[in-house]
J.: 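Following this message is one structure expressed as structure tokens.
Throughout, protein chains are lettered first and strands after them, A, B, ... in sequence-line order, and every chain is numbered starting at 1.
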Amino acid sequence: MIRDQLISALRTGLEVLGVSPVPDTIEIERPARREHGDWSSNVALSTAKRAGRNPRELAAELVTKLEEARLPHVEKIEIAGPGFVNFHLADTHLYELVREVVAQRRDFASSDVGSGTHINVEFVSANPTGPLHAGHARGAVVGDNIANLLEKTGHEVTREFYVNDRGVQMQYFADSLRARKAGQEPPEDGYHGQYIIDWATHLPDDVDALEWGYAHAKADQSEVLGRLGVEFERWSSERRIVDSGKVTDALDRLDASGHTFTEEGAKWLRTTEFGDDKDRVLVKSDGSYTYLTPDIGYHDDKFDRADQLINIWGADHHGYINRMKAAMSFLGHDPDDLEIIVTQLVKLVRNGEEVQLSKRTGDIIELRDIIDEIGPDATRFTYSLQSVDSRQTFDLALAASQGMDNPVYYVQMAHARLCGVQRNAAEAGIELQPVASVDLTQLTHERELELLRQLSELPDIVQIAAADRAPHRITTWLRDFAGSVHGFYHDCYVVGDGISPELTQARLALCDAAKVGLQVGLDLIGVTAPESM
RNA sequence: GCCCCCGUAGCUCAGUCCGGAUUAGAGCAACGGGCUUCUAUCCCGUCGGUCGCAGGUUCGAAUCCUGUCGGGGGCACCA
């Protein structure tokens with residue numbers, strides 16, 4: 001790739017000039033302004049001081065060396081500002097891109113940087129005591145998107161759902177079902193939602209309410225996730241973790257590590273040694289486990305199956321990060337291999353008015369209702385739009401609208417339009433030439449070049465998005481790229497009077513490449529790329 | 001009290017991790033243009049910001065550091 005060629009040329013240039021030390025990593029970036037070229041490097045600025053040189057003079061010498069290297073596609077190298085080295089590329093690199101993209105199809109922008117690394121991504125992990133609600137949606141979408149990005153960058157990935165199928169919540173759930181079936185109010189600590197009443201009417205007389213409810217909830221959750229395109233490779237049961245001896249094994253090893261102690265009849269873990277506010281109970285004075293304990297055994301188990309763990313947690317679980325990392329550290333794992341991604345809460349509004357999510361009153365917004373209202377694509381796109389660090393405001397009315405204020409349609413429309421052009425060409429009896437024999441130098445319109453420049457950035461964007469666990473960067477790119485597609489579509493007719501057959505062929509190849517870009521991006525966030533709308 | 005996230009245009013948000021280019025971006029909203037060729041769910045333009053505030057570091061700060069104000073979340077022998 002051109003980027004790598006430029007970087008290594010810069011490195012060689014610095015070495016030849018005797019700059020010492022040459023930085024370990026040399027970065028080049030896309031300048032914000034077109035006049036500053038296609039790629040820009042600040043190495044002259046960043047190394048000049050240590051080398052005792054004047055930045056602009058160093059840059060000048062560097063440029064001389066780079067020009068001597070006669071790099072492919074490089075048209076012009078300039079020094080600008082305080083000492084930036086700017087590369088201007090010939091359009092030929094964009095034509096090469098079209099051929100690459102068309103040949104690679106959905107593999108475009110893939111890489112193998114993660115090959116050999118197995119990452120386990122655990123997300124959703126809702127209690128099997130009811131349907132998924134709006135609060136679970138962001139984690140579901142973000143987790144699947146991150147898994148997609150990791151796969152795209154060559155990692156082996158396991159999507160995993162942890163089922164808390166033991167403990168008091170399950171009892172409350174079963175008690176609530178039984179009460180409703182008998183026409184009574186659920187217990188105070190029980191579940192009061194409308195769905196309990198509905199489910200109870202289907203509860204047979206001769207079955208264990210807990211097991212029946214468990215199966216029902218799990219099937220319900222799985223079905224809704226499936227509608228969002230979220231499929232888990234593995235559902236891990238808390239019961240099985242406990243029954244397998246994993247938890248007692250982990251407890252024994254924690255004891256052996258010397259990081260536990262007994263006080264007031266309970267067993268504690270010294271998480272304060274890891275920066276926690278206070279030590280945490282592992283085994284209560286009545287002999288039962290706290291929530292944390294099976295979870296420790298579970299994470300230990302995951303480490304047996306993967307190199308790195310990623311957990312997607314809601315902001316309300318932020319307090320658990322330190323204690324889980326402490327436990328993993330005490331068990332001999334590298335705490336940095338357990339990565340916790342915290343998603344901020346989502347404020348659901350409808351026409352600017354907040355929708356309340358109170359579990360206590362049973363007035364929950366089910367994820368199913370959101371999908372019914374706005375569709376799976378708009379749901380995924382909207383949850384993919386923003387950084388997980390920001391508290392998202394999700395306006396259902398906006399996401400449901402099919403107008404221009406809804407970016408999902410804007411992006412999908414771009415894809416549908418490109419398909420439309422291809423259909424149109426086919427109907428006009430135009431025979432597609434293999435891209436190798438197409439004269440791509442016909443592509444000289446600024447709309448065409450801009451579209452290709454943006455397309456050429458996708459591989460970098462994928463790398464960054466994967467490394468930063470930031471799928472919203474894909475969505476942002478898609479929006480911008482769709483804008484370029486619409487601009488091209490508007491100004492550059494593919495078939496028609498005054499369009500030469502050569503130009504038609506070149507533009508058809510460009511349409512094909514642009515379609516691939518949209519497909520790749522939409523795949524990563526789990527949104528469909530429709531042929532027509 | 002302690003910990004985490006956020007504060008950028010009227011609104012919703014990118015950009016901040018890893019500092020750069022005397023014009024900080026996008027969409028929506030507002031206003032004004034554009035359909036005799038695949039095309040109006042679209043395209044073009046205008047308006048709009050002391051990047052919460054105050055210091056500091058730097059040749060250079062929305063970006064790094066400190067403090068401060070405002071909003072959200074969390075601080076259980078609950079899950």
J.: Counting any heavy atom closer than 4.0 Å, what does R469(A) reach on the DNA or RNA strands: base, sugar-phosphate only, or nothing?
T.: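 If one applies the 4.0 Å heavy-atom cut-off, R469(A) turns out to touch nothing in the nucleic acid.
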J.: Tell me what S40(A) touches on the nucleic acid: a base, only sugar-phosphate, or nothing, going by heavy atoms under 4.0 Å.
T.: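 If one applies the 4.0 Å heavy-atom cut-off, S40(A) turns out to touch a base.
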J.: From the options A26(B), C77(B), G73(B), select the nucleotide whose nearest atom is closest to the side chain of E264(A).
T.: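 Of the options given, the side chain of E264(A) lies nearest C77(B).
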J.: For A24(B) versus G74(B), give the span between their P atoms, rounded off to a whole number of Å.
T.: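 That atom pair is separated by 39 Å.
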J.: Using a 4.0 Å heavy-atom cut-off across all strands, classify V421(A) as base, sugar-phosphate, or nothing.
T.: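 Base, at least one base heavy atom under 4.0 Å.
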J.: For D497(A), report the nucleic acid contact type (base, sugar-phosphate, nothing); a contact means any heavy atom under 4.0 Å.
T.: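 Base contact.
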J.: Across all strands shown, which nucleotide pairs with C18(B) by Watson-Crick or G-U wobble geometry, both distances under 3.5 Å?
T.: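 Partner of C18(B): none.
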J.: Classify S285(A) by what it touches in the nucleic acid, base, sugar-phosphate, or nothing, heavy-atom distance under 4.0 Å.
T.: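 The residue S285(A) makes base contact.
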J.: Whole angstroms only, please: what is the CD-P distance between Q454(A) and A26(B)?
T.: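 Rounded to the whole Å, the gap is 12 Å.
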J.: How do V283(A) and I499(A) order along RNA chain B: which one's closest nucleotide is nearer the 5' end?
T.: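 The residue closer to the strand's 5' end, by nearest nucleotide, is I499(A).
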J.: Does K246(A) pair with D300(A) as a salt bridge, N-O distance under 4.0 Å?
T.: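 Yes, K246(A) and D300(A) are salt-bridged.
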J.: Tell me which nucleotide among A26(B), C77(B), C78(B) gets nearest to the side chain of W268(A).
T.: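 Closest of the options to the side chain of W268(A): C77(B).
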J.: Among C43(B), C18(B), C77(B), which nucleotide has an atom closest to any side-chain atom of H490(A)?
T.: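 Nearest to the side chain of H490(A) among the choices is C43(B).
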J.: Paired with G45(B) by Watson-Crick or G-U wobble geometry, both distances under 3.5 Å: which nucleotide is it?
T.: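 Pairing partner: C31(B).
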J.: Within the pair H472(A) and G15(B), is there a side-chain N or O less than 4.0 Å away from OP1 or OP2?
T.: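 Result: yes.
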J.: What contact category does N42(A) fall into here, base, sugar-phosphate, or nothing, at under 4.0 angstrom with non-hydrogen atoms?
T.: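 If one applies the 4.0 Å heavy-atom cut-off, N42(A) turns out to touch a base.
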J.: Look through every strand shown and name the nucleotide pairing with G7(B) as Watson-Crick or G-U wobble, where both distances are under 3.5 Å.
T.: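 Base partner found: C69(B).
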J.: Name the closest nucleotide to the S390(A) side chain, picking from A14(B), C17(B), C77(B).
T.: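 Nearest to the side chain of S390(A) among the choices is A14(B).
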J.: With a cut-off of less than 4.0 Å, is there a side-chain N or O of Q344(A) near OP1 or OP2 of G73(B)?
T.: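 So the side-chain polar atoms of Q344(A) never come under 4.0 Å of the phosphate oxygens OP1 or OP2 of G73(B).
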J.: Using a 4.5 Å cut-off on heavy atoms from C-beta on, say whether the side chain of F394(A) contacts that of I374(A).
T.: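 Heavy-atom side-chain distance check passes, below 4.5 Å.
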J.: Taking 4.0 Å as the cut-off, does a side-chain nitrogen or oxygen of T343(A) come that near to OP1 or OP2 on C5(B)?
T.: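 No, outside the criterion.
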J.: Taking the side chain of R447(A) as heavy atoms from C-beta outward, which of C44(B), C77(B), C3(B) is closest to it?
T.: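 From the listed options, C44(B) comes nearest.
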J.: Can you find a side chain N or O atom of Y489(A) that sits less than 4.0 Å from OP1 or OP2 on C35(B)?
T.: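 The answer is no; no side-chain N or O of Y489(A) sits under 4.0 Å from OP1 or OP2.
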J.: Checking all strands, does R479(A) fall into the base, sugar-phosphate, or nothing category for heavy-atom contacts under 4.0 angstrom?
T.: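 Answer is nothing: R479(A) stays at 4.0 Å or more from every strand.
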J.: Check whether the side chains of N311(A) and E339(A) place a donor and an acceptor atom closer than 3.5 Å, and report yes or no.
T.: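 Per modelled atom types, N311(A) and E339(A) side chains form no pair under 3.5 Å.
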J.: Report which part of the nucleic acid G167(A) touches: base, sugar-phosphate, or nothing (heavy-atom distance under 4.0 Å, all strands).
T.: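 It contacts nothing in the nucleic acid.
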J.: With C1' as the reference atom in both, quote the distance from C11(B) to G7(B) in angstrom, rounded to an integer.
T.: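 Going atom to atom, C1' in each nucleotide, I get 15 Å.
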J.: Find the partner of G1(B): check Watson-Crick (N1-N3 plus N6-O4 or O6-N4) and G-U wobble (N1-O2, O6-N3) distances, both under 3.5 Å, and reply none if neither fits.
T.: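 Its partner is C75(B) (Watson-Crick or G-U wobble, both distances under 3.5 Å).
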J.: Taking only N and O in the side chain of K347(A), is any of them less than 4.0 Å away from OP1 or OP2 of U12(B)?
T.: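 Result: no.
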J.: Just N and O in the side chain of S288(A): are any of them under 4.0 Å from OP1 or OP2 of C77(B)?
T.: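 For C77(B), neither OP1 nor OP2 has a side-chain N or O of S288(A) closer than 4.0 Å.
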J.: Run the salt-bridge test on E450(A) and R447(A) with the 4.0 Å N-O cut-off and return the result as yes or no.
T.: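 No salt bridge links E450(A) with R447(A).
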J.: Which nucleotide in the set A14(B), C77(B), C43(B) lies at the smallest distance from any side-chain heavy atom of D491(A)?
T.: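 Of A14(B), C77(B), C43(B), C43(B) is nearest to the side chain of D491(A).
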J.: For the residue pair A416(A) and M533(A), what are the closest heavy atoms and their distance?
T.: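 Looking at all heavy atoms of both residues, the closest pair is CB-CG, 3.8 Å.
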J.: Using Watson-Crick or G-U wobble geometry with both distances under 3.5 Å, which nucleotide pairs with A40(B)?
T.: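 Check on A40(B): unpaired, no WC or wobble geometry under 3.5 Å.
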J.: My understanding is that a pair needs two contacts under 3.5 Å, Watson-Crick or G-U wobble. By that rule, which nucleotide pairs with C64(B)?
T.: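 C64(B) is paired, partner G56(B).
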J.: When you get a sec, tell me which of G20(B), A14(B), C4(B) is the closest nucleotide to the side chain of Q386(A)?
T.: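 Closest nucleotide to the Q386(A) side chain: A14(B).
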J.: In whole angstrom, what separates H318(A)'s NE2 from G72(B)'s C1'?
T.: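 That distance rounds to 13 Å.
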J.: Considering every strand and a 4.0 Å limit on heavy-atom distances, what is the contact class for H486(A): base, sugar-phosphate, or nothing?
T.: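 If one applies the 4.0 Å heavy-atom cut-off, H486(A) turns out to touch the sugar-phosphate alone, with no base involved.
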J.: Does D165(A) reach a base, just sugar-phosphate, or nothing at all? Heavy atoms under 4.0 Å.
T.: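 Nothing, no heavy atom under 4.0 Å.
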J.: What's E427(A) touching, base or sugar-phosphate or nothing? Going by heavy atoms closer than 4.0 Å.
T.: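 No contact.
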J.: When the C1' atoms of U63(B) and G20(B) are compared, how many Å lie between them, rounded to an integer?
T.: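 Going atom to atom, C1' in each nucleotide, I get 11 Å.
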J.: Looking at C77(B), C42(B), C5(B), which one has an atom nearest to any side-chain atom of D389(A)?
T.: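 Closest nucleotide to the D389(A) side chain: C5(B).
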J.: Counting just side-chain N and O atoms, does R56(A) come under 4.0 Å of either OP1 or OP2 of C59(B)?
T.: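 Checking C59(B) against R56(A), no side-chain N or O comes under 4.0 Å of OP1 or OP2.
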J.: Scan C511(A) against the nucleic acid and name what it touches under 4.0 Å (heavy atoms): base, sugar-phosphate only, or nothing.
T.: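 C511(A): no heavy atom of the nucleic acid under 4.0 Å.
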J.: If the C1' atom of C17(B) is compared with that of A54(B), how far apart are they to the nearest Å?
T.: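 So the two C1' atoms sit 24 Å from each other.
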J.: Can a side chain N or O of R473(A) be found less than 4.0 Å away from OP1 or OP2 on G15(B)?
T.: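 Indeed, a polar side-chain atom of R473(A) lies that close.
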J.: Which of these passes side-chain contact (heavy atoms from CB on, under 4.5 Å) with L282(A): T260(A), V247(A), T271(A)?
T.: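 Testing L282(A) for a side-chain contact (heavy atoms from CB on, under 4.5 Å) against T260(A), V247(A), T271(A) leaves exactly one candidate, T260(A).
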J.: Give a yes/no verdict on base stacking between G74(B) and H317(A): centres under 5.5 Å, planes within less than 30° of parallel.
T.: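 Given the distance and angle limits, no, they do not stack.
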J.: Output yes if the stacking criterion (under 5.5 Å between centres, under 30° between planes) is met for F84(A) over the base of G20(B), else no.
T.: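 Stacking is absent between G20(B) and F84(A), given that the ring centres and planes do not meet under 5.5 Å and under 30°.
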J.: I need the CG-P distance between D277(A) and C2(B), as an integer number of Å.
T.: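 For the pair D277(A) CG and C2(B) P, the rounded distance is 11 Å.
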J.: Calculate the interatomic distance between I321(A) atom CD1 and C4(B) atom C1'; express it in whole Å.
T.: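 That distance rounds to 7 Å.
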J.: Can you check whether V495(A) reaches V421(A) side chain to side chain, under 4.5 Å on heavy atoms?
T.: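 They are not in side-chain contact.
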J.: Check this one for me: any side-chain N or O of K278(A) less than 4.0 Å away from OP1 or OP2 of C2(B)?
T.: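 Negative; the distance criterion is not met.
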J.: Is R280(A) positioned over the aromatic face of W268(A), cation under 6.0 angstrom from the ring centre and no more than 45 degrees off axis?
T.: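 Pair R280(A)/W268(A) does not count as cation-pi.
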J.: Regarding K302(A) and E160(A), does a basic nitrogen lie under 4.0 Å from an acidic carboxylate oxygen?
T.: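 Salt bridge between K302(A) and E160(A), a charged N being under 4.0 Å from a carboxylate O: no.
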J.: Of the options A21(B), A76(B), G73(B), whose atoms approach the side-chain atoms of R280(A) most closely?
T.: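 That would be A76(B).
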J.: Please report the distance, rounded to the nearest Å, between CG in N311(A) and P in C4(B).
T.: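 Result: 19 Å.
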J.: Starting at CG of L385(A) and ending at C1' of G27(B), how long is that distance when rounded to a whole Å?
T.: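 Atom-to-atom, L385(A) to G27(B), this comes out as 9 Å.
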J.: If you find the nucleotide of RNA chain B closest to V168(A) and the one closest to H36(A), which residue's nucleotide is nearer the 5' end?
T.: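 Going by which nucleotide is closer to the 5' end, it is H36(A).
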J.: Contact class for D189(A) vs. all strands (heavy atom < 4.0 Å): base, sugar-phosphate, or nothing?
T.: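 Contact class for D189(A): none.
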J.: Whole Å only: how far is the CG atom of L478(A) from the P atom of A14(B)?
T.: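 In whole Å, A14(B) P and L478(A) CG are 16 Å from each other.
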J.: Could you give the CZ-to-P distance, from F481(A) to A26(B), as a whole number of Å?
T.: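 Going from CZ in F481(A) over to P in A26(B) covers 18 Å.
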J.: Other residues, nucleotides and ligands only: do more than 12 of their heavy atoms fall within 6.0 Å of CD on E35(A)?
T.: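 More than 12 within 6.0 Å, yes.
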